[in-house]
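Below is one structure; the comments refer to it alone.
Atom set for the values below is all heavy atoms of this structure, side chains included, hydrogens, waters and symmetry mates excluded. Just so we're on the same page: letters track the sequence lines, and every chain starts at 1.
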There are 2 protein chains.
Amino acid sequence: MDIGEIARRSGVSRSTVSYALSGKRPVSKETRQRIQAVIDELGYRPNAVARALKEGRTRTIGLVIPPASRRLTDLQLGFVASVVDAAARVDLDVLLSPSGGEHDRSFERVVAGRRVDGVIVMEIRLEDDRVTRLRQTGLPFVGIGRTGRPEEMSWVDVDYEMLISRCVHHLADLGHRRIALVNRSAELVASGYGPGHRAQAGFLHTVAERHLEGVQTCCADDAQSGVACVERLLDEHPGLTAIATINEAAIPGMYRALSEAGLTVPDDFSIAGVSAQHWAENLHPPLTAADVPTDELGAHAVEMLIQRIADPDTTHRHLLVAPPISLRGTTGPARARDPLS
Amino acid sequence: MDIGEIARRSGVSRSTVSYALSGKRPVSKETRQRIQAVIDELGYRPNAVARALKEGRTRTIGLVIPPASRRLTDLQLGFVASVVDAAARVDLDVLLSPSGGEHDRSFERVVAGRRVDGVIVMEIRLEDDRVTRLRQTGLPFVGIGRTGRPEEMSWVDVDYEMLISRCVHHLADLGHRRIALVNRSAELVASGYGPGHRAQAGFLHTVAERHLEGVQTCCADDAQSGVACVERLLDEHPGLTAIATINEAAIPGMYRALSEAGLTVPDDFSIAGVSAQHWAENLHPPLTAADVPTDELGAHAVEMLIQRIADPDTTHRHLLVAPPISLRGTTGPARARDPLS
DNA sequence: TTGTAAGCGTTATCAT
DNA sequence: ATGATAACGCTTACAA
């Protein structure tokens, strides 16, 4: 059943049906009602594909997520949820593209095949092939995260440099002198993952500024790795009393390793991080952390994208958030660790 | 730039370009190379929308998820990931539709607008409007979950009835006599959520069979509710020594409430559940649970859907899994609780 | 081996 | 107020 069918049955032309539906030109009340009756009877709905072809837009946005095979972190999930939610609110559909690996067939399909009006890209690297490709095609896009030349694109991002710096300051204020940064996975950081590098930068300059002893390490995004990471840290750096981290997925493991080493948090050891709010709250003990407002960021990304789709030549907009650190249960005054315990 | 542009520049007709691309009819080596050169130079990619209109299929499947606003459980996330993954593997894109609430505009758009070739629906109720609607439209679909008349549709599902029954048997074998079932939220169950009802059925008949004292309760899908739920349970049923549950999101809260009540797991209290494997493993202590193979289920759902798309009239297929219970750290021999402690 | 042309279901520009 | 008709970009009979 197509628009022609409706036209025939209501005794009007196809254009009249189209106009009755869109309201873009006046249609007499009687014909409109007659058409509507037929539509209701047959349950007709315009074919979105045909409309997209004709109109040159799909009313769909692409969301480029990390490959689904490796589990997404809670923060990433928060972004996905908020983008989907914000898009649904303005009647946009979301096409998922799990990309970032090598042969991004899905990415190419979505982007080069013009299946979408614009794209939101997650987990951006300082040098990012997908961004390069998007720029080539001219398809409007917004990053959740930014490249090394951030002026040249629209993005929303978390100010990891600032946040880690604040964490370190906070820990230093509590008297901690030996502090570790637990970063995301080594591969991710090596591949130029922005937050990893910026967290590192924030860590280094604050450690220097406060004359602390800083050690940084990478850790894969899971609890087991968190355990191994902290065990190694405690072993190699007996004087360590605190951790700052952007690796939320590893935190439960850190807790475990600490407690198995006989250390209580926050009495013997402090942890401060960057995380999704509900995640931080639901940990036990609840994590002292900067709560990333994923909802706000995702909604803004969608809004920016819509604007770029409407007018691709507007100047780029940026949103960098540095939420305050919420004091919860994992940071306290430094207490010297007995290297033999 | 369209296929006509490529045709012009290579001095052939548009159909030749199309055939050179699809290989559906032989094209001489020279012309093919000439065409390919032009394509490479201009970076041409066929417009997926036009192709979809012509071919009558979109090479896209819809995935109907619970509204993104209320957080998805780990199990749900596991399904989403595995569907996206399985679809990507066979070059299908996934269009997300957060539906199930009241105003399912997104669902209507996707389904009635024929934006997809088929749909996978999550969180199916015993009576499900979306299933009814899909049946009306004739669009191929597969459920992750099943309605009250499961023969009439294709689905994959977890045998919650069997699994909860096994949990209860396991706990009974360990000597527990007073056992609670912690279900999903009251609204969900009231709305006819299949797993909730089937878990209940399994619980009731096994409790009867083993002559146990069973109490069932609902609990929202979050840690806080888990705390409240267990507090109430301990308060109202002093003899309770074990819980069986399908509410994974509430488990961290249950742990907390138990430990705050001075009860250790599994020495004083046992818990057995149904959950995603990594979730069960990463809890502390790791949860004795039936590990739902989300990967297998998601992949099967996609495979079934592809088959139904290819031949909408094949008989319905079903996959009901009842993974074994993995013994981990949360179940042990019953020990009488001191009602005054 | 290649070209011509119809048609997928819309929307929108002309007419009337 | 309404109708005829030309696109949108592609695939695929049907011809040559």
Rounded to whole angstroms, how far apart are CD1 on A:Ile3 and C1' on C:dA12? 12 Å
Would you please say whether a donor-acceptor pair under 3.5 Å links the side chains of B:Ser28 and B:Thr31? yes
Strictly below 4.0 Å: does B:Ser18 bring a side-chain N or O up to OP1 or OP2 of D:dT11? yes
Base, sugar-phosphate alone, or nothing: which one does B:Gly113 contact when heavy atoms must sit under 4.0 Å apart? nothing
At under 4.0 Å between heavy atoms, what does B:Thr31 touch on the DNA or RNA strands: base, sugar-phosphate, or nothing? sugar-phosphate
How would you label the contact of A:Val27 with the nucleic acid (heavy atoms, under 4.0 Å): base, sugar-phosphate, or nothing? sugar-phosphate
So, are B:Arg149 and B:Glu152 salt-bridged, with charged N and O less than 4.0 Å apart? yes
Atom OH of A:Tyr19 and atom P of C:dG9 are separated, to the nearest Å, by 20 Å
Would you mind telling me which residue lines up with the more 5' stretch of DNA chain C, A:Lys54 or B:Ala50, judged by nearest nucleotide? B:Ala50
Check whether any side-chain nitrogen or oxygen of A:Ser15 sits under 4.0 Å from OP1 or OP2 of C:dT13, and answer yes or no. no
In whole angstrom, give the distance that lies between atom CZ of B:Arg34 and atom C1' of C:dT2. 11 Å
According to a strict under-4.0 Å criterion, is A:Ser28 in side-chain N/O contact with OP1 or OP2 of D:dA1? no
According to a strict under-4.0 Å criterion, is B:Lys24 in side-chain N/O contact with OP1 or OP2 of D:dT12? yes
Exactly one of B:Ile309, B:Val131, B:Ile61, B:Val64 should register a side-chain contact (heavy atoms from CB on, under 4.5 Å) with B:Phe141. Which one does? B:Val131
Report which part of the nucleic acid A:Val12 touches: base, sugar-phosphate, or nothing (heavy-atom distance under 4.0 Å, all strands). sugar-phosphate
Give the minimum heavy-atom separation between A:Glu151 and A:His316, together with the two atoms involved. O-CD2, 3.7 Å
Rounded to whole Å, the CG-P distance (A:Leu21 to C:dT11) equals 7 Å
Euclidean distance, atom CZ of residue B:Arg25 to atom P of D:dA13 [Å, nearest integer]: 11 Å
Here the distance between atom C1' of D:dC10 and atom CZ of A:Arg114, to the nearest Å, is 11 Å
Between atom CG in A:Leu53 and atom P in C:dA12, what is the gap in whole Å? 13 Å
Between C:dG9 (P) and A:Met1 (CE): distance, integer Å: 11 Å
So which one's nearest nucleotide on DNA chain C is more toward 5', B:Glu55 or B:Lys29? B:Lys29
So does A:Arg59 pair up with A:Asp91, basic N to acidic O under 4.0 Å? no
